[in-house]
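The residues of the chain are indexed from 1 along the displayed sequence. Any value given below was found using the heavy atoms of this structure, including those in side chains, with hydrogens, waters and symmetry copies removed.
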Amino acid sequence: MSNDTEDVLQGVGPRLKALRLSRGLTLAELSAETSISVSTLSRLESGQRRPNLELLLPLARAHAVPLDDLVGAPATGDPRIHLKPVHHQGQTILPLSRGGGGVQAFKHLLLGGAKLPEPEPKVHEGYEWIYVLRGTLRVVLGERDFLLKQGEAAEFDTRTPHWFGRPTEGSVEFLTLFGPQGERMHVRAAPAKSSRP
């Protein structure tokens, strides 16, 4: 098998996991939607099971994305990365990273509107970091319910029940970094300049 084909196949698992997590689904919930066992879904996402059409077709239908998006095969001779947004329940999610393990990056847009969403906290394995680019984001995290304004950030263990939404009619734009359990995002500030002459 060619290296290009192998690279494409290796990217399917992380892509499937990113799509599932962007929808806030557990493996059990996705299994109920697709009739694919939890163990098979888990092995697909971790790269221990090779993807095939019999598995990818119901997953593409469940996530409401073209099959090409799951495979992510690059256009021949075109070096550009074609990022394709996912639309789900009034939210547009744009993956900013491709394939591979480790930390995955996403840009989210919650479209404004008069009807405010009701929190539906979810839990899953991993660790997440949020940064608000524009607007105000409501974050429900366990028993806590707080607002993140433009320029503010938060990080948390995703095994804690969590939910993001709009607290007002305005739109919200934010970035998320999602990593495996035990991995942390580190932001390092430049050392303060000395005031001594």
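- Residues satisfying the salt bridge (charged side-chain N to carboxylate O under 4.0 Å, His left out) test with Arg49, not counting sequence neighbours, are none.
- Judged as a side chain to side chain contact (heavy atoms under 4.5 Å, CB included), and not counting sequence neighbours, the contacts of Ser42 are Leu27.
- Using a distance-only test at 3.5 Å, with no hydrogens or angles considered, no donor-acceptor pair links the side chain of Arg159 to the main chain of Gly126.
- Shortest non-hydrogen contact noted between Ile130 and Phe156 is CD1-CE2, 3.6 Å.
- Looking at Ser31, its side chain does come within 3.5 Å of a backbone N or O of Ile36 through a donor-acceptor pair.
- The two residues Thr34 and Ala62 make their nearest non-hydrogen contact at CG2-CB, 3.6 Å.
- A salt bridge does not link Glu33 with Arg20: none of the charged nitrogens is closer than 4.0 Å to a carboxylate oxygen.
- Looking at residues two or more places apart in sequence or on another chain, you find no salt bridge (charged side-chain N to carboxylate O under 4.0 Å, His left out) involving Glu120.
- Ring-plane geometry between Trp129 and Tyr131 is classed as parallel, the angle between the planes falling under 30 degrees on a 0 to 90 degree scale with a further cut at 60.
- Residues satisfying the side chain to side chain contact (heavy atoms under 4.5 Å, CB included) criterion with Leu21, sequence neighbours excluded, are Lys17, His124, Phe178.
- Take Phe146 and apply the ring-ring contact (aromatic ring centres under 6.0 Å, His included) test, not counting sequence neighbours, and it matches no residue.
- Listed for the Arg23 side chain is no donor-acceptor partner under 3.5 Å among the backbone atoms of Ala18.
- Under a hydrophobic clustering in which Ile, Leu, Val, Met, Phe, Trp and Tyr are joined whenever their side-chain heavy atoms come within less than 4.5 Å, directly or via other members, Phe164 and Leu177 fall into different clusters.
- Thr26 and Val123 get closest at one heavy-atom pair: CG2-O, 3.7 Å.
- Counting only residues at least two apart or on different chains, the side chain to side chain donor-acceptor pair (under 3.5 Å) pairs with a member in residues 143-153 are Arg138-Asp145.
- Note on residues 55-66: no pairs pass salt bridge (Lys or Arg N to Asp or Glu O under 4.0 Å), not counting sequence neighbours.
- In this view, Ser46 and Gln48 satisfy the side chain to side chain contact (heavy atoms under 4.5 Å, CB included) rule, not counting sequence neighbours.
- The other members of the hydrophobic cluster of Val140, by chain and number, are Trp163 (side-chain heavy atoms under 4.5 Å, ILVMFWY only).
- For His108, the ring-ring contact (aromatic ring centres under 6.0 Å, His included) criterion is met by Phe174, not counting sequence neighbours.
- Within the structure, salt bridge (Lys or Arg N to Asp or Glu O under 4.0 Å) pairs that include any residue of residues 86-95 do not occur (at least two apart or interchain).
- Minimum heavy-atom separation, Arg134 to Ser171: NH1-CB, 3.9 Å.
- Listed by first and then second residue, the salt bridge (Lys or Arg N to Asp or Glu O under 4.0 Å) pairs involving residues 104-118 are Lys107-Glu173 (not counting sequence neighbours).
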